[in-house]
Amino acid sequence: MVKGTANNTALNSDLTRKPAQTPIGWRDSPDSYGRVSRALHWLTATLVTLQFTVLLAWRGMGGNAITLFLASIGPHGSLGFLILIVTLARLGWWVNRKQRPPQPLGWDGRIARLVHITFYALLLLLPAFAILRQYGRGGALRFYGMELLPEAERDITWMIAPAKLLHGPLSWLLCGLVIGHITMALIHRFWLKDRVLARMVGARGR
């Protein structure tokens, strides 16, 4: 009887024991995202946050010392170009996807996949539309003061139309998705108490 109790205690201890922590490598693993994925994720988050911060500051306060300072750090067009480049890099790193932590199999997993696909689509389309519009109307393309393409006399309607029609609505859709993404991450951390957020933030903790 004592031996059986001891065996049951050992079994329960094994089931409740926290998994051993493994060092974070450059590549992803089934337990957590690697350094490259984390760097690209948080760089994207920083650029998108700065983009909306500058935009909302200009809309709320107009041109003043604060908004001019923010705009000097993150010119709208330059940030958009950076977001496009980082998103392309993330898509290139997607070849590593088979080693990543698995998504849930239920409806929440399907919603998460749909949201991530929408994120990628918006992060590609929004800056691409803006670049097309700028080129189509003959405006100079600049990246932090460096002129990539000079001004020109042209008015190409089909290049201008997508951004004119969709850039604003899709930008606010992206903003809503970002807010929802942050909300769900906090729900996983503080309500569901699982390791979804920890996989991208750090190996330790729940």
Trainee: Should His167 and Arg133 count as side-chain neighbours, where that means a heavy-atom distance under 4.5 Å?
Mentor: yes
Trainee: Is it the case that one hydrophobic cluster holds both Ile182 and Ile111, taking links as side-chain heavy atoms less than 4.5 Å apart, direct or via other members?
Mentor: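 They do share one cluster, since a chain of ILVMFWY contacts under 4.5 Å joins Ile182 to Ile111.
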Trainee: Hey, does Val115 have a side-chain heavy atom less than 4.5 Å from the side chain of Thr118?
Mentor: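 Sidechains of Val115 and Thr118: no contact.
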Trainee: If you measure from CG on Asp28 to CZ on Arg35, what distance do you get to the nearest 0.5 Å?
Mentor: 12.5 Å
Trainee: Would you say Leu166 ends up clustered with Trp158 if hydrophobic residues are merged whenever their side chains have heavy atoms under 4.5 Å apart, either directly or through other cluster members?
Mentor: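 In one cluster: yes.
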Trainee: For Phe119 and Val178, what are the C-alpha separation, side-chain angles and deciding distance, and is it a side chain to side chain contact (heavy atoms under 4.5 Å, CB included)?
Mentor: CA-CA 9 Å; Phe119 262 126; Val178 169; 3.8 Å; yes
Trainee: Which heavy-atom pair separates Leu47 from Val86 by the least distance, and what is that distance?
Mentor: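 What the structure gives for the nearest pair is CD1-CG2, 4.0 Å.
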Trainee: Given Lys164 and Arg137, is the side chain to side chain contact (heavy atoms under 4.5 Å, CB included) satisfied, shown in steps?
Mentor: CA-CA 11 Å; Lys164 187 176 181 180; Arg137 67 187 182 188; over 6 Å; no
Trainee: Centre of Tyr33's six-membered ring, under 6.0 Å away, within 45 degrees of the axis: is that where NZ or CZ of Arg27 sits?
Mentor: no
Trainee: In terms of hydrophobic clustering (I, L, V, M, F, W, Y; side-chain heavy atoms under 4.5 Å; direct or indirect links), are Met146 and Ile131 co-clustered?
Mentor: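 Yes, because Met146 and Ile131 connect within a single hydrophobic cluster, where side-chain heavy atoms sit under 4.5 Å apart.
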Trainee: Check whether more than 12 heavy atoms from other residues, nucleotides or ligands sit under 6.0 Å from atom CD1 of Ile66, and answer yes or no.
Mentor: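 No, CD1 of Ile66 has 12 or fewer neighbouring heavy atoms, counting only those of other groups under 6.0 Å.
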Trainee: Find the distance between CG (Leu43) and NE2 (His41) and round it off to the nearest 0.5 Å.
Mentor: 11.0 Å
Trainee: Measure the spacing between OG1 of Thr53 and CD1 of Ile73 and express it to the nearest 0.5 Å.
Mentor: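 That separation rounds to 10.5 Å.
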Trainee: Evaluate the side-chain proximity of Phe143 to Leu82: yes if any heavy-atom separation is below 4.5 Å, no if none is.
Mentor: yes
Trainee: Which pair of non-hydrogen atoms, one from Asp31 and one from Pro101, has the smallest distance, and what is that distance?
Mentor: C-CG, 4.1 Å
Trainee: For Arg142 and Leu148, run side chain to side chain contact (heavy atoms under 4.5 Å, CB included): C-alpha distance rounded to whole Å, both residues' side-chain angles, the deciding distance at 0.1 Å, then the answer.
Mentor: CA-CA 5 Å; Arg142 294 186 176 90; Leu148 304 180; over 6 Å; no
Trainee: Return the CE to CZ distance between Met159 and Arg154, rounded to the nearest 0.5 Å.
Mentor: 8.0 Å
Trainee: With distance as the sole test, does His181 use its side chain to make a donor-acceptor pair with the main-chain N or O of Leu177 at under 3.5 Å?
Mentor: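 It does not hold such a pair.
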Trainee: Is there a side-chain contact between Arg100 and Ser29 (heavy atoms, below 4.5 Å)?
Mentor: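 When only atoms from C-beta onward are counted, Ser29 and Arg100 do not touch, as no gap falls below 4.5 Å.
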Trainee: For Leu165, which residues count as a side-chain contact (heavy atoms from CB on, under 4.5 Å) partner, sequence neighbours excluded?
Mentor: none
Trainee: For Phe69, look at atom CZ and say whether over 12 heavy atoms of other residues, nucleotides or ligands are found less than 6.0 Å away.
Mentor: no
Trainee: Is it true that Trp42 and Leu84 fall in one hydrophobic cluster, defined by side-chain heavy atoms closer than 4.5 Å?
Mentor: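 No; tracing contacts between hydrophobic side chains, which count when under 4.5 Å, never links both residues.
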Trainee: Minimum heavy-atom separation for Gly80 and Gln51, please, with both atom names.
Mentor: N-NE2, 3.4 Å
Trainee: Under 4.5 Å between any side-chain heavy atoms of Phe129 and Leu170, yes or no?
Mentor: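 A side-chain contact under 4.5 Å exists here.
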Trainee: Side-chain contact, heavy-atom cut-off 4.5 Å: Val54 with Thr67?
Mentor: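 Result no, sub-4.5 Å side-chain heavy-atom pair not found.
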Trainee: Which heavy atom of Ala57 sits nearest to which heavy atom of Leu70, and what is that distance?
Mentor: CB-CD1, 4.0 Å
Trainee: Is the shortest heavy-atom distance from the side chain of Tyr144 to the side chain of Pro75 under 4.5 Å?
Mentor: yes
Trainee: Show the nearest heavy-atom pair for residues Gln134 and Leu141, with the distance to one decimal.
Mentor: CG-CD2, 3.3 Å
Trainee: Using the rule that two of Ile, Leu, Val, Met, Phe, Trp, Tyr join whenever any of their side-chain heavy atoms come within less than 4.5 Å, decide whether Met200 and Val48 are in one cluster.
Mentor: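 As far as the 4.5 Å side-chain criterion goes, Val48 and Met200 are not connected within one cluster.
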Trainee: Crowded around Trp172 CH2? As in, over 12 foreign heavy atoms under 6.0 Å?
Mentor: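 Yes, enclosed.
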Trainee: Which distance, rounded to the nearest 0.5 Å, do you find between the OG1 of Thr87 and the OH of Tyr120?
Mentor: 8.0 Å
Trainee: For a quick test of reading the model, state the closest non-hydrogen atom pair linking Tyr135 to Ile156 and the distance between them.
Mentor: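 Taking every non-hydrogen atom into account, CE2-CD1, 4.4 Å.
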Trainee: As an exercise, state the distance from CG of Leu56 to CE of Met61, rounded to the nearest 0.5 Å.
Mentor: 10.0 Å
Trainee: Do Leu124 and Leu88 have side chains that approach each other closer than 4.5 Å (heavy atoms only, starting at C-beta)?
Mentor: yes
